[in-house]
Asker: 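Submitted below is the structure of interest, expressed as structure tokens.
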Amino acid sequence: MREPHGERSRRLSRRRTDDASDRTGDRAQLSLTVVEAAIATLLVLAVAAGFALVPPTPASESDSLERQATDAASLVASVPAGATGTLLGSACASSGDFDTRAARLHEVASAGLPNGAFVSLRTDVGSVGRPPPETARVGSATATVPRCTAMVEVWYP
């Protein structure tokens with residue numbers, strides 16, 4: 001069967017018009033550059049959120065003990081004596097001087113330590129505080145002043 005000549009051209013013309021309206025009215029198309037920029041932005045935000053939201057690794061217990069011992073040694077080395085010099089330097093003059101100042105040295109070394117922590121301080125002329133048992137967790141540091149070096153140990157049973 002053969003269509004009349006005008007009928008076929010009208011039908012083709014109507015199809016073209018319908019196709020053109022589909023392309024422009026029903027579909028929206030984003031630019032590829034906009035899509036790439038959006039994906040890159042999301043990637044950068046995801047990486048930044050990963051760094052911001054991950055909690056920092058807590059310091060290990062041995063690092064904490066070493067830091068506490070270093071702080072205690074710094075305190076012991078910096079406390080002034082009555083007249084000149086430091087308390088540790090005055091205590092190291094003789095064993096009698098150490099015994100006189102032992103309680104104050106122990107008090108200074110223990111200042112700022114958490115509850116349950118013990119401190120031991122040893123010099124060439126004497127020691128103060130209970131020495132740590134072998135099973136204790138221990139952090140140690142050295143306090144040095146002129147003519148005296150002290151070993152400070154912070155420990156937990």
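The shown structure was predicted, so the numbers you read here are calculated from the model rather than taken from an experiment.
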Asker: Decide if atom CZ of R147 counts as having more than 12 heavy atoms of other residues, nucleotides or ligands within a radius under 6.0 Å.
Answerer: no
Asker: What is the distance from atom OG1 of T149 to atom CG of D124, rounded to the nearest 0.5 Å?
Answerer: 7.0 Å
Asker: Answer yes or no: is there a side-chain heavy-atom contact under 4.5 Å between L121 and H106?
Answerer: no
Asker: Looking at CE of M151 and OG of S120, how far apart are the two atoms once the value is rounded to the nearest 0.5 Å?
Answerer: 10.0 Å
Asker: Over all heavy atoms of both residues, which pair between V138 and E153 is shortest? Give the atoms and the distance, please.
Answerer: CG1-CB, 4.0 Å
Asker: Would you tabulate the side-chain donor-acceptor contacts of residues 95-105 under 3.5 Å, counting partners in other chains and residues two or more places apart, or write 'none'?
Answerer:
residue: D97; atom: OD2; partner: S94; partner atom: OG; Å: 3.3
residue: T100; atom: OG1; partner: G96; partner atom: O; Å: 2.9
residue: R104; atom: NH1; partner: E107; partner atom: OE2; Å: 3.2

Asker: Where is the tightest heavy-atom contact between A109 and V76, given as atom of each residue plus distance?
Answerer: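 Reported closest heavy-atom pair: CB-CG2, 3.6 Å.
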Asker: Which pair of heavy atoms, one from R137 and one from P157, lies closest together, and at what distance?
Answerer: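 Scanning both residues, the minimum pair turns out to be NH2-O, 3.6 Å.
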Asker: If hydrophobic clusters are built from ILVMFWY residues whose side chains come within less than 4.5 Å, do F51 and L45 share one?
Answerer: no
Asker: In the structure I gave you, are the side-chain heavy atoms of P114 and Q68 within less than 4.5 Å of one another anywhere?
Answerer: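 In short, these two side chains touch, coming nearer than 4.5 Å.
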Asker: Side-chain heavy atoms under 4.5 angstrom apart, residues restricted to Ile, Leu, Val, Met, Phe, Trp, Tyr: same cluster for V152 and F118?
Answerer: no
Asker: Return the OG1 to CG distance between T70 and D63, rounded to the nearest 0.5 Å.
Answerer: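 Taking OG1 in T70 and CG in D63, the distance rounds to 10.5 Å.
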Asker: Grab the two heavy atoms, one from C148 and one from T123, that are nearest each other, plus how far apart they are.
Answerer: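 C148 and T123 have their closest heavy atoms at SG-CG2, 4.1 Å.
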Asker: For residues W155 and P131, determine if any side-chain heavy atom of one lies less than 4.5 Å from a side-chain heavy atom of the other.
Answerer: no
Asker: Provide the closest heavy-atom pair for A73 versus A141 in the form atom of the first, atom of the second, distance.
Answerer: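 Between these two residues, the closest heavy atoms are CB-CB, 4.0 Å.
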Asker: Could you pull out the closest heavy-atom pair between S78 and S74, with the gap in Å?
Answerer: OG-O, 2.9 Å
